Novice: 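Here you go, one structure.
What you are looking at is a predicted structure, and each value in this text was computed from that prediction instead of being measured. Just so it is clear: chains get the letters A, B, ... in the order the sequence lines come, proteins before strands, and each one is counted from 1.
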Amino acid sequence: MAKITYVAFDGTRFDVEAEDGSTVMENAIRNGVPGIEAECGGACACATCHVYVDEAWTDVVGEPEAMEEDMLDFAYDVRPNSRLSCQIRVSDALDGLVVTVPERQG
Amino acid sequence: MAEPVRTDVVIIGAGPVGLFAVFELGLLDLKCHLIDILDRPGGQCAELYPEKPIYDIPAWPTISAQGLVDRLMEQIAPFRPGFTFNRMVAGLEKLEDGSFRVTTDEGEIFEAPVVVVAAGGGSFQPKRPPIPGIEAFEGESIFYSVRRMEEFRGHDVLIVGGGDSALDWTLNLQPLARSMTLVHRRPEFRAAPDSVNKMYALQETGGLEFQIGQVTALKGEGGRLEAAVVKGPDGDVEIAATRMLPFFGLTMKLGPIADWGLNLHENLIEVDTEKFESNVPGIFAIGDINWYPGKLKLILSGFHEAALMSQAAKRIVSPGERIVFQYTTSSTKLQKKLGVA
């Protein structure tokens with residue numbers, strides 16, 4: 001289990017207990033975090049679960065793979081700490097992770 | 001006006017559920033014509049995730065989305081369905097004889113007593129990049145596809161994106177344009193390496209500019225674009241542009257279906273669970289586009305819906321005819337239709 005904090009665009013914080021092996025996107029949808037749309041359902045086939053990984057966590061979370069980078073081309077306001085949350089798998093190492101939801105999804 | 005095509009059932013959407021409907025309707029001797037906005041069958045399976053494995057198709061522990069589409073095409077081949085691709089269904093009206101007239105955005109006309117909406121998440125349309133005020137320039141200076149290359153001649157053309165469409169049009173329009181700039185957010189491209197090399201070669205000889213960054217603002221008045229502001233690695237850059245082509249992939253929109261007088265539930269078509277018919281008799285909805293209590297957006301649910309819908313469709317197309325329920329395993333009649341007996 002890992003505690004994940006989602007910061008919505010309006011600053012509202014959502015603390016979620018996430019199971020190992022689930023994705024950061026799934027936990028956002030299950031807990032109604034606003035601004036995560038996940039149109040394709042987690043297939044890395046859209047760019048509507050875009051989040052910014054808190055600077056303190058970028059090394060732990062790691063870089064996107066090539067396919068995810070490709071999809072990020074379709075996202076809005078992409079930054080160096082941009083990730084698609086459907087491609088971040090929860091593990092104990094991510095306990096305390098903070099991600100911020102962008103102003104809009106694509 | 002084009003000559004109407006008469007058929008038994010018009011199916012809007014050629015995704016997996018629309019395709020399987022051809023099979024179930026075909027067993028009941030109903031001819032189908034499918035219309036889809038994409039250029040090939042498969043819907044989301046073909047467009048969004050062709051190589052992704054699907055694990056919940058009965059008897060297929062794992063199958064790729066494109067593999068599923070290929071096998072469905074093979075399965076329905078005996079029924080010789082008609083296909084019209086690259087078209088959006090624009091209009092639907094009821095005729096005096098009780099059948100429906102379906103028109104596409106290019107003016108083709110189809111007439112049938114039954115219409116099946118199997119449109120999934122809606123029709124695929126180009127995604128509008130989230131740049132403030134972009135709407136004002138659309139259709140005037142900003143386009144999402146190239147209908148006539150001549151419209152770009154002599155213009156300062158700005159193309160945004162890193163896929164094949166972006167690179168292909170950069171190369172094709174470059175000789176016509178007064179200036180050509182390609183903007184992409186990173187130096188890696190999704191497009192074919194050959195096109196990327198050609199683009200870099202043109203950049204070397206001064207034939208075009210390649211700028212890394214994201215378009216954040218547009219300048220111009222009355223729909224006439226003059227420049228775009230690009231946020232690049234070294235800050236903001238202003239690029240002269242009188243024509244812009246953003247290629248940001250596709251999104252799904254319900255489109256004209258919303259105006260057909262069908263009862264909707266959060267943008268989904270409400271149906272019953274006996275026939276999967278909408279509130280308009282003769283118009284059915286199956287697959288992800290429909291809603292009923294307990295609905296699950298699964299391909300396998302869509303297959304089930306297609307089978308039940310077909311029984312009701314048969315009663316409309318051939319009123320009074322007795323429907324004999326048969327199994328493909330044992331019925332020589334069905335096997336003849338499938339070409340195996």
Novice: Tell me, for A/Glu103 versus chain B, whether the close heavy atoms (under 4.5 Å) come from the side chain, the backbone, both or neither.
Specialist: neither

Novice: State, to 0.1 Å, how close B/Phe247 and A/Phe74 come at their nearest heavy-atom pair, and which atoms those are.
Specialist: O-CE2, 4.2 Å

Novice: Any idea which of A/Asp70, A/Leu72, A/Thr48 has the most non-hydrogen atom pairs under 4.5 angstrom with chain B?
Specialist: A/Asp70

Novice: So which bits of residues 44-54 of chain B come within less than 4.5 Å of chain A, counting non-hydrogen atoms only?
Specialist: B/Leu48, B/Tyr49, B/Lys52

Novice: Of the backbone (N, CA, C, O) and the side chain (C-beta and beyond), which part of B/Lys297 lies under 4.5 Å from a heavy atom of chain A, both, or neither?
Specialist: neither

Novice: For atom CD of B/Gln125, is the number of surrounding heavy atoms from other residues, nucleotides or ligands below 6.0 Å larger than 12?
Specialist: yes

Novice: Within residues 181-188 of chain B, which residues come under 4.5 Å of chain A, heavy atom to heavy atom?
Specialist: B/His184, B/Arg185, B/Arg186

Novice: Quick check against the 3.5 Å criterion: does A/Glu39 have a side-chain atom that pairs as donor or acceptor with the backbone of B/Thr251?
Specialist: no

Novice: Measuring from A/Asp73:CG to B/Phe189:CZ, what's the distance to the nearest 0.5 Å?
Specialist: 9.0 Å

Novice: Check the surroundings of atom CD in B/Glu209: do more than 12 heavy atoms from other residues, nucleotides or ligands lie under 6.0 Å from it?
Specialist: no

Novice: Counting heavy atoms not belonging to A/Asp59, are there more than 12 under 6.0 Å from its CG?
Specialist: no

Novice: Around atom NZ of B/Lys231, are there more than 12 heavy atoms of other residues, nucleotides or ligands at under 6.0 Å?
Specialist: no

Novice: Between A/Ala45, A/Gly41, A/Cys46, A/Cys40, who has the most heavy-atom pairs with chain B when the cutoff is under 4.5 Å?
Specialist: A/Ala45

